[in-house]
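For the numbers below, each heavy atom of this structure counts, side chains included, while hydrogens, waters and symmetry mates do not.
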Amino acid sequence: MKIEDVFMRAHIGASIGFTPPDSQTTRERHAAPSAHHEVCVQQIRSATVKVSYGETTFLVDPMLAPAKAYPGFKLTYRNHLSWPFCDLPVSTFDILRDVDAVILTHLHLDHFDDYAAELLPKDMLVVVQDASDQAQVQSFGFSNVQVMPDSIQVKGVTLTRTACQHGTDAMYADPTFSKICGEVMGIVFQAAGFKSTYLVADTIWTADVAACLEKFQPEVVILNTGHAAVTAPAVADNPYIIMGTDDVKRVHAALPQASIVCVHMDAVNHMTLSRKELNAWVRENKLTGQVIVPFDGEQMFF
């Protein structure tokens with residue numbers, strides 16, 4: 001099996017012909033914003049979210065395929081299942097509405113797929129982590145692809161890149177799994193008068209994550225908490241490549257007042273933690289006021 005068969009892009013042709021589901025009205029967990037200085041986070045599906053600071057909106061990790069478009073990732077949990085498990089909750093028109101820039105934390109297929117590559121405007125600003133990702137995104141015809149420096153400003157919002165580790169030390173010590181896991185970046189969003197938001201991205205708990213929480217003191221933390229797992233004897237003792245309940249607990253312990261938004265569940269085959277299970281854990285640990293597990297399409301205001 002080739003390395004690129006795991007988590008990599010499926011080349012499905014130049015014309016997709018996908019008709020998205022009809023737009024639906026989404027319930028808002030919090031009241032609609034009454035003041036200008038509020039942050040809106042919208043869970044789209046899986047790791048795809050929209051983050052809005054006033055009039056500036058970012059689309060993060062767009063995976064826009066219809067249900068069951070892709071076979072399960074090889075060498076992962078439940079790889080016999082096709083994914084996404086569900087369709088998008090709103091139309092792609094609504095998803096792309098008012099988007100000023102796209103942020104790609106990395107290019108695994110469940111974070112940037114060919115449907116997104118075709119549907120996104122080719123002149124839109126796309127922010128990527130390195131020159132390799134830049135070249136790959138440019139190959140889809142995008143003309144405004146920028147490698148993320150340590151920090152950048154987009155329409156008054158400061159973005160700061162953060163370090164991620166998409167797997168255990170043992171995985172990165174293994175040549176095969178090191179290539180599979182690859183490199184990932186997280187992002188801290190900041191703007192005057194707004195709450196700061198830390199999009200942690202695909203990572204396990206590390207000293208770098210703890211340091212970012214300490215340094216930036218974000219008031220909103222978006223965690224990828226599906227506890228995705230790979231399957232191989234070499235990593236059987238600890239097969240997880242993103243966060244789970246223990247990590248939610250760590251983040252809450254580090255920043256008890258922060259609002260924690262948990263995403264990247266219930267859509268891709270290798271997730272081992274569901275929203276139902278996480279919600280039950282939240283209730284058991286009396287964290288309902290601090291930990292939010294949004295449904296697809298839900299908007300949250302902070």
Side-chain angles (χ1 to χ4, degrees), residues 33 35-44 47-63 95-107 111-112 116-117 119-138 140-164 183-203 208-224 251 255 257-261 263 299-302:
H36 176 70
H37 288 23
E38 291 195 79
V39 177
C40 177
V41 176
Q42 183 178 18
Q43 163 68 14
I44 302 300
T48 305
V49 299
K50 289 175 78 172
V51 179
S52 298
Y53 273 69
E55 301 300 317
T56 306
T57 297
F58 302 90
L59 177 63
V60 181
D61 288 352
M63 183 270 290
I95 292 169
L96 300 180
R97 187 201 305 268
D98 298 326
V99 171
D100 295 289
V102 173
I103 299 171
L104 303 179
T105 64
H106 62 303
L107 298 188
H111 293 259
F112 179 60
L119 291 167
L120 292 171
K122 295 302 179 288
D123 60 350
M124 179 172 285
L125 172 62
V126 181
V127 181
V128 298
Q129 64 174 329
D130 57 30
S132 175
D133 286 6
Q134 180 186 43
Q136 188 166 351
V137 174
Q138 287 173 333
F140 286 95
F142 291 91
S143 60
N144 189 14
V145 186
Q146 182 166 340
V147 175
M148 179 69 189
D150 289 340
S151 184
I152 188 176
Q153 279 220 349
V154 178
K155 295 185 68 175
V157 181
T158 299
L159 310 179
T160 303
R161 69 181 295 157
T162 64
C164 298
E183 299 300 319
V184 182
M185 69 173 178
I187 296 288
V188 174
F189 300 81
Q190 295 172 298
F194 292 84
K195 291 185 175 181
S196 57
T197 301
Y198 176 18
L199 185 131
V200 182
D202 271 6
T203 184
D208 287 327
V209 172
C212 284
L213 294 171
E214 174 65 25
K215 176 180 179 180
F216 292 101
Q217 296 288 302
E219 293 149 292
V220 181
V221 182
I222 304 172
L223 297 180
N224 290 359
V251 173
L255 292 175
Q257 302 307 313
S259 297
I260 301 172
V261 179
V263 302
Q299 291 179 310
M300 295 147 282
F301 296 94
F302 304 97

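Checking side-chain atoms of D61 against main-chain N and O of T105 turns up a donor-acceptor pair under 3.5 Å. A donor-acceptor contact shorter than 3.5 Å is absent between the side chain of Q136 and the backbone of L107.
D208 meets the side chain to side chain contact (heavy atoms under 4.5 Å, CB included) test with A163, T206; sequence neighbours excluded. With sequence neighbours excluded, no residue forms a ring-ring contact (aromatic ring centres under 6.0 Å, His included) with Y198. With sequence neighbours excluded, the residues that form a salt bridge (charged side-chain N to carboxylate O under 4.0 Å, His left out) with D100 are K155. For S132, there are no side-chain hydrogen bond (donor to acceptor under 3.5 Å, both in side chains) partners at least two apart in sequence or on another chain.
Interatomic distance, NE2 of H111 versus CE of M63, reported as 8.5 Å (0.5 Å rounding). Between the NE2 atom of H106 and the CG atom of D133 there is a distance of 9.0 Å, given to the nearest 0.5 Å. In this structure, T158 OG1 and F189 CZ are separated by 11.5 Å, a value rounded to the nearest 0.5 Å. From S259, atom OG reaches atom CZ of F301 across 14.0 Å, with rounding to the nearest 0.5 Å. Here the straight-line distance linking atom CD of E38 with atom CZ of F302 works out to 10.0 Å at 0.5 Å rounding. Taking CD1 of I103 as the reference point, atom CZ of R161 lies at 11.5 Å (rounded to 0.5 Å).
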What side-chain donor-acceptor pairs closer than 3.5 Å can you find for residues 141-150, not counting sequence neighbours?
{"from": "S143", "atom 1": "OG", "to": "K122", "atom 2": "O", "distance (Å)": "3.3"}

Show every donor-acceptor pair shorter than 3.5 Å between a side-chain atom in residues 210-223 and any protein atom, with sequence neighbours excluded, or say none if there are none.
{"from": "Q217", "atom 1": "NE2", "to": "L213", "atom 2": "O", "distance (Å)": "3.3"}
{"from": "Q217", "atom 1": "NE2", "to": "E214", "atom 2": "O", "distance (Å)": "3.1"}
{"from": "E219", "atom 1": "OE1", "to": "S196", "atom 2": "N", "distance (Å)": "3.0"}

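Residues V127 and V102 are not in side-chain contact: their nearest non-hydrogen atoms beyond the backbone lie 4.5 Å or more apart.
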Check: Between L59 and L120, does a side-chain contact (heavy atoms from CB on, under 4.5 Å) hold up when you go through it step by step?
Finding: CA-CA 10 Å; L59 177 63; L120 292 171; 4.0 Å; yes

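With F58 as reference, V157 is the one residue of T197, V157, I187, V99 to meet the side chain to side chain contact (heavy atoms under 4.5 Å, CB included) rule.
Between Q43 and V263, the closest heavy-atom pair is OE1-CG1, 2.9 Å. The shortest heavy-atom contact between A191 and Y53 is CB-CD2, 3.8 Å. The shortest heavy-atom contact between C164 and V184 is CB-O, 3.5 Å.
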